[in-house]
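One structure is given here, and the rest of the page talks about it.
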Number of protein chains: 2
Amino acid sequence: MKTECIGDYVKLKGKVYPCTISLAMDLIGGKWKAVILYHLKDAEKRYSELRKEVPNVTEMTLSLQLKQLEKDGLVLRKVHGKKPPIKVVYSLTDFGKTFIPVLETITSWGNQIVLEKGEFVNNSTCLNEI
Amino acid sequence: MKTECIGDYVKLKGKVYPCTISLAMDLIGGKWKAVILYHLKDAEKRYSELRKEVPNVTEMTLSLQLKQLEKDGLVLRKVHGKKPPIKVVYSLTDFGKTFIPVLETITSWGNQIVLEKGEFVNNSTCLNEI
DNA sequence: CGGTATCCCCCAAGATACTG
DNA sequence: CAGTATCTTGGGGGATACCG
């Protein structure tokens, strides 16, 4: 598995990036995208479920980020029903699923940081095992 | 290693995050941080080297991002000499080095994307394609 | 239920010029 | 050499209200 950036620059869907790291950060960077993908990694979710699970995100921002993820081919949007109440389900595309290893690496790194230098907080039950 | 976000929220250096993914994205998100870390992963670099290697970054932005990375404990700044010309060398801290696996996962993912859907460009060999 | 429509603010990031 | 000092701008993200 190559872990060096290839080429002098790269192109994807008309956009130009100086290296593959830039490209990746453009696709999944920002405050919410990685978090949203994280919540979709094991199961598809309805819009309202995401709104509850993704902490503190506003409806508008969630909607906007989902649209960008859909446009970039990471997330699939499926509509069930025609008249309200409609049901909209989001899931990872095959392409989106290729991102899961990255997500898991980031998660375990983040966990490690907090274990060593930070603090976990649990509102409901205590956490004995990590 | 655990690849699920732990706890209801986490704290690090006084900041509060809803999950470890958010924390990680705050530390290494943005347009330049991951790219800078990438260029430091194998060797320490002088400021001027980074400016040349990190594509299209302005002096000011590079300086700012390095300061933030230093403040977050990912990067070490070492000054050699007192009067101009000074020599300033940046390197990864031990903490910064723990991020290398993430960086490599992101890189190989980015490479994979471009291999499948995008386009690598090499100035030396493909100058006429630009 | 699953979003839009507005309005607004902040700050990341760029451009340009200058300095210890 | 390795940065600051200003000024400017774009857009990410938030608050609130409304809609098919």
Side-chain angles (χ1 to χ4, degrees), chain A residues 15-19 21-23 25-37 39-40 44-72 74-91, chain B residues 15-19 21-23 25-37 39-40 44-72 74-91:
Chain A
K15 281 188 181 175
V16 178
Y17 305 91
C19 69
I21 297 259
S22 297
L23 185 155
M25 294 311 293
D26 187 39
L27 289 186
I28 56 90
K31 192 171 175 180
W32 296 111
K33 283 184 186 172
V35 180
I36 293 171
L37 292 172
H39 283 276
L40 290 175
E44 55 177 37
K45 297 274 168 69
R46 298 183 61 168
Y47 178 80
S48 51
E49 291 179 293
L50 285 174
R51 214 177 47 184
K52 272 178 279 181
E53 291 183 20
V54 178
N56 307 325
V57 73
T58 63
E59 297 174 1
M60 217 204 57
T61 299
L62 177 58
S63 174
L64 203 69
Q65 301 301 314
L66 281 168
K67 254 185 217 163
Q68 288 183 29
L69 289 169
E70 191 190 359
K71 182 181 143 208
D72 287 334
L74 290 154
V75 158
L76 181 70
R77 181 177 183 270
K78 232 178 180 174
V79 184
H80 302 271
K82 290 176 181 175
K83 300 279 176 183
I86 327 171
K87 181 179 174 184
V88 179
V89 176
Y90 294 90
S91 58
Chain B
K15 282 188 183 175
V16 178
Y17 305 91
C19 68
I21 298 256
S22 297
L23 184 155
M25 293 312 292
D26 188 40
L27 290 185
I28 57 89
K31 192 169 175 180
W32 296 111
K33 283 182 184 171
V35 180
I36 293 170
L37 293 172
H39 283 277
L40 290 175
E44 55 178 38
K45 297 276 168 67
R46 300 182 59 168
Y47 178 80
S48 51
E49 291 179 293
L50 284 175
R51 215 178 44 185
K52 272 178 280 180
E53 291 182 18
V54 179
N56 308 324
V57 73
T58 63
E59 296 174 2
M60 218 205 56
T61 299
L62 178 58
S63 175
L64 202 70
Q65 300 301 314
L66 282 167
K67 254 185 216 161
Q68 290 184 27
L69 288 168
E70 190 190 1
K71 184 181 142 210
D72 287 334
L74 289 153
V75 157
L76 181 70
R77 180 178 183 271
K78 232 179 179 174
V79 185
H80 303 271
K82 290 176 182 178
K83 300 279 177 184
I86 329 172
K87 182 179 174 183
V88 179
V89 175
Y90 294 91
S91 58

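All values reported here derive from a predicted model rather than from experimental measurement. Note on naming: letters A, B, ... go to the chains in the order of the sequence lines (proteins, then strands), and numbering restarts at 1 for each one.
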Please examine the side chains of B:K31 and B:V57, heavy atoms only from C-beta on, and report whether any two atoms are closer than 4.5 Å. no
If the cut-off is 4.0 Å, is A:S48 near the phosphate of C:dG2, judged by side-chain N/O to OP1 or OP2? yes
Between A:L62 and A:Y47, is there a side-chain heavy-atom distance shorter than 4.5 Å? yes
Rounded distance (Å) that lies between atom P of C:dG2 and atom CD of A:E70: 15 Å
Roughly, in whole Å, what's the span from CG in A:L64 to P in C:dA5? 12 Å
By nearest atom, which of the nucleotides D:dG14, D:dA2, C:dG3 is closest to the A:R77 side chain? C:dG3
Would you mind telling me which of D:dA15, C:dG14, D:dG13 lies closest to the side-chain atoms of A:W32? D:dG13
Under 4.0 Å from OP1 or OP2 of D:dG14: is there any side-chain N or O of A:T61 that close? yes
Value in whole Å for how far the P atom of C:dC1 lies from CD of A:E49: 12 Å
Do the side chains of B:L69 and B:K33 get nearer than 4.5 Å, heavy atoms only? yes
If you take all heavy atoms of A:H80 and A:I86, which pair is closest and at what distance? O-CG2, 3.3 Å
Are A:K67 and C:dT4 close enough that a side-chain N or O sits under 4.0 Å from OP1 or OP2? yes
Could you check whether A:K87 gets within reach of a base, just the sugar-phosphate, or nothing at all, counting any heavy atom under 4.0 Å? sugar-phosphate
Measure CZ/A:R46 against P/C:dC1 and give the value in whole Å, please. 7 Å
Look at B:S63 and D:dA2 and indicate whether a side-chain polar atom (N or O) is within less than 4.0 Å of OP1 or OP2. no
When you measure from the side-chain N and O atoms of B:Q65 to the phosphate of C:dA13, is any distance below 4.0 Å, counting only OP1 and OP2? yes
Looking for any heavy atom pair under 4.0 Å, which part of the strands does A:G81 touch: base, sugar-phosphate only, or nothing? nothing
Side-chain N or O of A:K31 versus OP1/OP2 of D:dG14: is the shortest distance under 4.0 Å? yes
Between B:E49 and B:E44 the two heavy atoms that sit nearest each other are OE1-O, 4.5 Å
Rounded to whole Å, CG of B:L62 lies from C1' of C:dA12 at a distance of 14 Å
Candidate nucleotides D:dG3, C:dT6, D:dG20, ranked by approach to the side chain of A:I86 - the nearest: D:dG20
Whole angstrom value for the distance that separates C1' of D:dC1 from CG of B:L50: 14 Å
Answer whether the closest heavy-atom distance between the side chains of B:M25 and B:I28 falls below 4.5 Å. yes
Between D:dA2, C:dT6, C:dG3, spot the one nearest the side chain of A:M60, thanks. C:dT6
May I ask you to evaluate whether A:Y90 reaches the phosphate of C:dG3, defined as a side-chain N or O under 4.0 Å from OP1 or OP2? yes
Is A:R51 near enough to C:dG2 that one of its side-chain N or O atoms lies under 4.0 angstrom from OP1 or OP2? no
Among C:dG2, C:dG14, C:dC1, which is the nearest nucleotide to the side chain of A:P85? C:dC1
Closest nucleotide among C:dG3, C:dA15, D:dC1 to the B:T58 side chain: C:dA15
In whole Å, I'd like the distance from the NZ atom of A:K78 to the P atom of C:dG2. 16 Å
Please pick, from C:dG3, D:dT6, D:dG3, the nucleotide with the shortest atom-to-atom distance to any side-chain atom of A:E59. C:dG3
Length of the line joining A:K33:NZ and D:dG11:C1', which is rounded to integer Å: 12 Å
